Amino acid sequence: MELRVDFNRPITVGNEFEYMRQAIENMHISGDGPFTKKCHALFEQELGVPKVLLTTSCTHALEMSAILLDIQPGDEVIIPDFTFVSTVNAFVLRGATPRFIDVRPDTLNLDESKLEAAIMPRTKAILPVHYAGVGCEMDSIMEIAGHRNIAVVEDNAHGLFGKYKGKLLGTFGSMASQSFHETKNFTSGEGGALLINDQNLIERAEIIREKGTNRSRFFRGQVDKYTWVDIGSSYLPSDMLAAFLFAQLEQREKIQLHRKQVWKTYATGLKDWAAAHDVRLPYIPDHCEQAYHMFYMLLPTLELRQKLISYLRERGIYSVFHYLPLHLSDMGQKFGGREGDCPVTECISDQLIRLPFHNALTSSEQEIVIEAIREFPF
Ligand SMILES: *Cc1c(COP(=O)(O)O)cnc(C)c1O
């Protein structure tokens with residue numbers, strides 16, 4: 001069967017080509033050029049975050065956060081079991097021991113009721129991941145972390161412009177990471193950002209991002225030569241990528257409106273079918289404004305999930321599953337992960353299917369998907 005509906009299709013939405021041409025004509029195609037500055041300013045203004053730094057990926061933004069928190073071998077970090085490997089890898093790279101906790105069965109976000117029991121004397125950070133762009137229970141998380149002086153770093157790869165109780169995701173923790181990978185709402189192919197809410201971390205963040213040098217201060221005229229002052233790496237994206245990203249960000253309202261429409265079309269079109277077949281659709285708490293990152297469903301069993309994916313594939317429709325439980329991965333088992341540790345993640349990881357969802361998805365494509373699902377022989 002020929003392809004009829006892609007799972008993801010990265011597209012240009014505005015001035016991407018024009019801005020990339022400008023970046024080349026500016027003759028500033030390395031990092032921190034005019035388009036990077038435009039992206040920083042836009043984010044700082046729209047999100048009300050004191051400092052935003054573009055990075056080469058969300059993974060790298062997370063690595064920067066681990067360095068900024070001075071994570072040392074033997075320190076512990078608390079991570080939801082149901083997330084992408086980068087959330088944990090960035091900290092394990094610094095020598096941290098991850099402690100995986102299970103997710104809530106309703107939002108699939110870190111289960112805040114399991115936090116207290118997971119906190120150890122050397123726990124240095126908690127990493128909430130706003131799965132599918134729906135906020136974690138940030139009130140409880142911030143309170144538990146605050147009492148014990150544990151840092152909170154939000155992995156907000158899915159959650160840009162989403163809100164929890166009226167407050168933007170990414171503005172709760174001392175830091176948050178964003179992703180502009182081609183599968184995310186806004187993209188530059190590869191890319192990311194570190195949002196820094198704690199003012200005390202800003203100066204060192206600039207140094208770490210610039211290979212451990214005080215180059216940013218030098219360019220601002222604050223020191224008369226720049227030199228090696230700390231550990232660091234090269235976390236700046238090319239200004240050509242920032243130009244692409246800026247064009248996407250300019251269209252943020254249009255993109256988010258389209259994604260909202262796509263999400264609602266699935267939710268409405270599949271509601272009765274789901275109820276009739278014991279299929280669970282996403283749950284969005286009333287106090288959360290989601291970021292419309294994806295549309296998932298939970299099938300009753302692994303067998304049915306696999307059957308539905310291949311059934312759709314035969315009709316030219318590409319759907320996919322998502323994260324495997326981290327504690328059962330090869331690396332997770334080296335940190336002591338055993339079957340049964342995180343029962344909710346073990347269960348929903350088998351049941352979850354993600355439907356085609358991207359900025360170019362048309363209503364007729366969605367109609368094809370919804371019709372096919374309704375005709376799925378259970
Ligand atoms: C996509 C994603 C990442 C990694 O993003 P990159 O920009 O590819 O490094 C990290 N965490 C989550 C939750 C993601 O979805």
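Every number for a ligand or one of its atoms is a count from 1 in the order of the listing. Small disclaimer: the values here were computed from a predicted structure and weren't measured.
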* Asked: Does Arg315 count as lying over the ring of Tyr311, i.e. NZ or CZ under 6.0 Å from the six-ring centre, within 45 degrees of the axis?
  -> yes

* **For atom 3 (C) of ligand 1, closest protein heavy-atom neighbour** => Phe84 CD2, 3.6 Å

* Is any side-chain heavy atom of Ile67 less than 4.5 Å from a side-chain heavy atom of Asp230? -> no

* **Test: Arg122 and Asp75 ion pair at under 4.0 Å** => yes

* Asked: Quick one: nearest non-hydrogen protein atom to atom 14 (C) of ligand 1, plus distance?
  -> Ala157 CB, 3.4 Å

* Asked: Counting only heavy atoms, which portion of Tyr131 has something under 4.0 Å from ligand 1: side chain, backbone, both, or neither?
  -> neither

* Mode of Cys58 contact toward ligand 1 - side chain, backbone, both, neither (heavy atoms, under 4.0 Å) -> both

* Asked: For ligand 1, is any non-hydrogen atom under 4.0 Å from Lys184's backbone (N, CA, C, O), its side chain (CB onward), both, or neither?
  -> side chain

* To do: Check whether any heavy atom of Ala61 sits under 4.0 Å from an atom of ligand 1.
  => no

* **No-hydrogen, no-angle side-chain donor-acceptor test under 3.5 Å, His327 and Asp81** => yes

* Please state which protein non-hydrogen atom is closest to atom 15 (O) of ligand 1 and give its distance, to 0.1 Å? -> His158 NE2, 2.7 Å

* Asked: What distance separates Gln178 CD from Cys58 SG, expressed to the nearest 0.5 Å?
  -> 7.5 Å

* Structure fact -> Counting heavy atoms under 4.0 Å, the part of Thr59 that contacts ligand 1 is both

* Is the Tyr131-His322 ring centre distance short of 6.0 angstrom? -> yes

